[in-house]
**Q** 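Structure provided below as structure tokens; questions to follow.
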Amino acid sequence: MRSSAWYVANCALILCTLRLIDWANGLRLCSETDYYYEYTECDSTGSRWRVAIPQSPGACTGLPEPVHGTECTFSCKAGEFLEMSAQECTQCAAGSYSLGSGIRFDQWDSMPVGFSSLATSLENSPNGDDRPTCNSSSWLPQGNYLESNRDECTVSLIYAVHLKKKGSVSFEYQYPDNNLLFEFFIQNDQCQEMDQSADTKWLKLTNNGEWATHTVNLKSGTNILYWRTRGVLMGSKGLKPVLLKNVQIEGVAYTSECFPCKPGTFSRFKQVVGSDNNMLFIIVSLFFYVSSLGSTCDPFHSKQTGSAMCKDRPPCSRKDYFQIHTKCDHEGKTQVIYKWIEPKICLEGVTGAESLPPSGEREPCPPCNPGFYNNDTATCSPCPPGTYSDGMKPCTWCPAGTEPSLGYEFKWWNILPPNMKTSCFNVGNNKCDNMNGWEVAGDHIQSGAGSSDNDYLILNIHIPGFKLPTSMSSHSATEFGRITFEFETVCVADCELYFMMDVNRKSTTVVESWEKTKTRQTYTHVMTKNASVSYTWAFQRTNQPSDREIGHTVRRYVNDVVRIYSISVSNAVDGVSSGCRACALSTQPSSSACVPCPPGHYIDTRTSQCTECPPNTYLIPHTTPGPDACKPCGPASKCDKDHSFCYSDCHFTYAEGNATLTYDFSLLGSVGSLMNGPSFTSKGTKYFHHFNISLCGGKLAECTDNVTDLSITDSQRENGEGANAVKTFICQSTIIPATGRGFHTALASQSINLADTLLGVTVESTLDGVRARPELYPQTSKKVPDVNFYYRSLEATSSCESGRSAVVTLRCNPEKNTKGELSVPSQCPAGTCDGCTFHFLWESSGACPTCTERDYHQIEGACKGDQQDLLYVWTEPKLCIGGVNLPEKETLPCEGMEFWVRLGAGLGTFTAVLLVILICYFWKKSKRYKSSGTWNTNCVYTHTHTHTHTHFMHLEPGSEKSRKHGGLKARYDRAVQLKA
């Protein structure tokens, strides 16, 4: 207080001095238009002074003296402003408004004073240069709202405000694309981020065309507000920007003036009676109404919503009307008629103007949709419970042993079904709010005309829940229902069709989207949760702002259209029946009621009884009854106890020749992870692909988007609500690191399912149409074969009509630890070369077979002190793990070994000597015969040493001796001839 008095005294002294000087100089006295009032800064006691500030210093004299001001926390009510001369609250004049202690920003023709847009530079590209820049990235004013960037730059919208008391900030936003990261946070004047919970920092996704409101409390003092966006472009599709409007801040000190209403709008006074003191006071509330409430235009001019002036009306053209089919009349007839697009701003009857075409011929109405019947009226009614119809015949009761197949099948479009609704929405105006976004057209339903080319044309169907067939109601189902629709788009612009889903009215996610012209095709989405769900189709002809000419919006793409021919939903709890399906009957003879089958049981069509699937088979959901409903598990896989899926128990056996290799993959762990990269987008954004792989043991891998998960409460997370989580055998997430992006945490997004079915485990290179590609990996000379795990996902995508598949190759590598190392082919750094089949190599010592006796050998040591050691060592390289252990070292006496060695040596020596003697004997004997034996002329052989004569000629003919000697002589003669 002392300092404040000193300050006022000094101000008074200065003013007195200035008056004397001004009087000496002859200056005129100041009038009220020569100055304005301001408050000084508040002192420690919360007091302040009101001082006069000259508009032009030195132009006049006699400024009012400083006086005590209002309390620092003082502020006027909404609809009032603080009149500074009297320091009293005064009502705003008609045509103006005030929020009292708040400020509001709702006009975005240009960036309001105090707001700034700052683009953060991207990370360096892989080559180290800074080629990608963000100079052109910013938040852009679009009249009624602000639009964020659509690229990969980090762009912040910043506004600083000083509050005299606790307050709040609220704003409306649209955030339809989870590939664009959007956060809101607050810093103090020291650039320190204020404490803020995750649900107030990370904004929730919204539907296309839906505005959400976000409110955050503010502390007194300086608050720097940040709206920050960053795109994640991984494909060719563009991003949907964040839209922001109606920013309102409460807690400012005071408002010293009222703000004028926008052209074409006005302020309304609303009287409210205080309940405590019965005082009548006036609160000014701001309402926006179309300018038609004010002055009107003549017939040749029109006025746009929010416009302050009338403009010329253009001649009518083909783009100003559209066609519809009338409802069936009492005669069962319908016809095509044409209607002007409302509001009609074009002129008929002028030069170049077109008129409405004549209505078409009356034609018979199409039949009722399946599950409905015509009771001789112009409308179709649903069949009663327990009955069915194909839409052309009366409803009929299902026969015994069957039950109705509940669902919806819409293929005739004379009227919009009762559980469907259509709307039109544009973020920049409300001209199409009352229009039908879609129109029925007999055999299809198509997008309507709308009011401009960038309208969102919305079609919605609500399903309150799903009901499995009675026979399957006790199963742990992975599919509760499915929606299938057939469509086509015909466009010349950059049109886009979105198919979205909102589960339990939490948040809407885009399931799939299609750009530009698409031929007639069918799309199916499986519902894996039994919950209330709304499916939405949103069509936008172009996302570019509409061109405007004087007085009207130019329509260039009104003929771009999407047509949906049929929509079918299975197992809808409130559905109708177009047919009956077999069910299991009670075992009691007198009962004909359907009963649920236990898990893993199918319906035997011959007995109508539940029969368990054979061993090692799994039950295919939603298939025809009979034994074919059970499908065998693939090689080296087994089914769970409920026959719901097949998995590997981590054990594998392979026989090759006489050898059998046994594997135990449990050492690798139940789930393996791989983060490959980094990769860079076209603008230099760094990102990684993160894979989670469930190899064996039955535990599934899980990938979660923490972009949506950050704003979810713990109770929601426990119930599996809100977060985009994928739980399957193999899943993939895209990871964006925190460094260099301006965000404070690494973000995971775009989680997808790569494999939900195990086909089998084998060393073969092909299984069930899925092919492993060993040539993609470094070749190995090891004798242990690679083991391939084959997976498939039945979820079709726009690029993989048969679903994705994956092959995980396990390779024995003793140099790796048991957890091993996962990698992808160097030629395919994203894990896939074609976008549909993913390949992974898992090298580990845990992928080696179990050790057996074949994997080690014996080594004999030298004799030392009459002792000898027998050692056992592994055969190198050791290509096994676990299994048998090496035998212990053995020690044997050396003499026991020497006896057998000497015995063997003696036998060998004796045998060698005997052979030498026999050779010498026969050699000498043969040599003696050759040197001393002769034949005489009388064929008598004479031996000189023994003098024994044998006369062949004197032998008695025919005797035994004669025959022997005759043969001997013949052999001798032949020998002589050969020698000659």
Side-chain angles (χ1 to χ4, degrees), residues 102 104-106 108 115 139-150 155-157 159 168-186 196-218 225-231 239-250 286 288 421 423-430 432-433 437 454-456 458 460 462 498 500-511 532-536 538 540 543 705-713 716 721-724 747 749:
R104 181 185 179 95
F105 302 94
D106 52 19
W108 305 95
F115 281 86
W139 286 77
L140 301 175
Q142 298 291 353
N144 293 327
Y145 57 90
L146 272 178
E147 181 181 284
S148 75
N149 59 311
R150 299 168 180 253
V155 182
S156 298
L157 177 68
Y159 182 77
S168 64
V169 56
S170 65
F171 54 89
E172 296 180 48
Y173 70 94
Q174 280 193 29
Y175 178 27
D177 194 344
N178 61 357
N179 291 320
L180 191 72
L181 312 177
F182 183 30
E183 64 174 339
F184 173 74
F185 62 95
I186 307 164
Q196 195 173 347
S197 60
D199 59 339
T200 60
K201 178 176 180 179
W202 295 97
L203 282 300
K204 297 180 182 297
L205 291 170
T206 64
N207 297 336
N208 279 311
E210 176 186 77
W211 290 97
T213 301
H214 190 70
T215 302
V216 179
N217 293 327
L218 301 177
L225 314 180
Y226 286 83
W227 292 267
R228 178 171 289 171
T229 58
R230 167 69 181 277
L239 297 172
K240 306 295 291 184
V242 171
L243 307 181
L244 186 69
K245 70 175 184 179
N246 295 340
V247 179
Q248 183 169 320
I249 302 173
E250 296 286 346
L286 183 64
F288 294 99
K421 61 181 181 179
S423 59
C424 177
F425 185 85
N426 191 296
V427 297
N429 60 70
N430 58 358
C432 79
D433 286 358
N454 61 353
D455 290 342
Y456 284 103
I458 299 170
N460 175 274
H462 177 67
Y498 298 91
M500 300 173 289
M501 178 177 66
D502 181 5
V503 179
N504 290 330
R505 301 186 183 276
K506 296 296 182 182
S507 63
T508 300
T509 57
V510 177
V511 178
S532 172
V533 60
S534 291
Y535 296 108
T536 301
Q540 189 180 38
N543 60 9
D705 290 355
N706 70 348
V707 174
T708 54
D709 190 56
L710 287 172
S711 60
I712 297 172
T713 62
Q716 288 178 315
E721 298 178 0
N724 180 20
L747 300 178
S749 65

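Only heavy atoms go into these numbers, but all of them, side chains included; no hydrogens, no water, no symmetry mates.
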**Q** With the side chain counted from C-beta on, respond yes when L225 and I249 share a heavy-atom pair under 4.5 Å apart, and no when they do not.
**A**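 SC-SC contact between L225 and I249 confirmed.
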**Q** For Q540 and N454, work out which heavy atoms get closest and say how close.
**A**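 Minimum heavy-atom separation between Q540 and N454: NE2-O, 3.0 Å.
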**Q** Atom OG1 of T206 and atom CG of D502: how far apart are they, to the nearest 0.5 Å?
**A**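 Output value for this atom pair is 11.0 Å.
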**Q** Would you call the rings of F115 and F105 parallel, tilted or perpendicular if under 30° counts as parallel and over 60° as perpendicular?
**A** perpendicular
**Q** Can you tell me how far the NZ atom of K421 sits from the OG1 atom of T536, to the nearest 0.5 Å?
**A**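 Taking NZ in K421 and OG1 in T536, the distance rounds to 8.5 Å.
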**Q** So do V242 and W139 actually touch side chain to side chain, heavy atoms under 4.5 Å?
**A**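 A side-chain contact exists here, since the closest heavy-atom pair is under 4.5 Å.
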**Q** With side chains defined as the heavy atoms from C-beta onward, is the minimum distance between K245 and D106 less than 4.5 Å?
**A** no
**Q** If you compare all heavy atoms of P176 against all heavy atoms of P241, which two are closest, and at what distance to 0.1 Å?
**A**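 In this case the closest contact between P176 and P241 is CD-O, 3.9 Å.
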**Q** Could you walk me through whether Y173 and F184 satisfy the ring pair (Phe, Tyr, Trp, His ring centres under 6.0 Å) test, starting with their C-alpha distance in whole Å, then the side-chain angles of each, then the deciding distance to 0.1 Å, before giving a yes or no?
**A** CA-CA 11 Å; Y173 70 94; F184 173 74; 9.9 Å; no
**Q** About how many Å separate CD1 of I186 and CG of L218, when rounded to the nearest 0.5 Å?
**A**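 The CD1 atom of I186 is 5.0 Å from CG of L218, to the nearest 0.5 Å.
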**Q** For Y175, which of W227, W211, F182 qualifies under ring pair (Phe, Tyr, Trp, His ring centres under 6.0 Å)?
**A** F182
**Q** How long is the span from the CG atom in N246 to the CG atom in N144, to the nearest 0.5 Å?
**A** 9.0 Å
**Q** How far does CD of E172 sit from CD of Q248, to the nearest 0.5 angstrom?
**A** 10.0 Å
**Q** Restricting to side-chain contact (heavy atoms from CB on, under 4.5 Å), what partner residues turn up for S156, sequence neighbours left out?
**A**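 Partners of S156 under the side-chain contact (heavy atoms from CB on, under 4.5 Å) test: I158, Y226, R228.
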**Q** So how far is it from T229 OG1 to E183 CD, rounded to the nearest 0.5 Å?
**A** 9.5 Å
**Q** Residues in side-chain hydrogen bond (donor to acceptor under 3.5 Å, both in side chains) with N543, at least two apart?
**A** none
**Q** For L244 and W108, which heavy atoms make the closest approach, and how far apart are they?
**A** O-NE1, 4.3 Å
**Q** Heavy atoms only: give me the nearest H462-S532 pair and the separation to one decimal.
**A**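 Result for this residue pair: CE1-OG, 3.0 Å.
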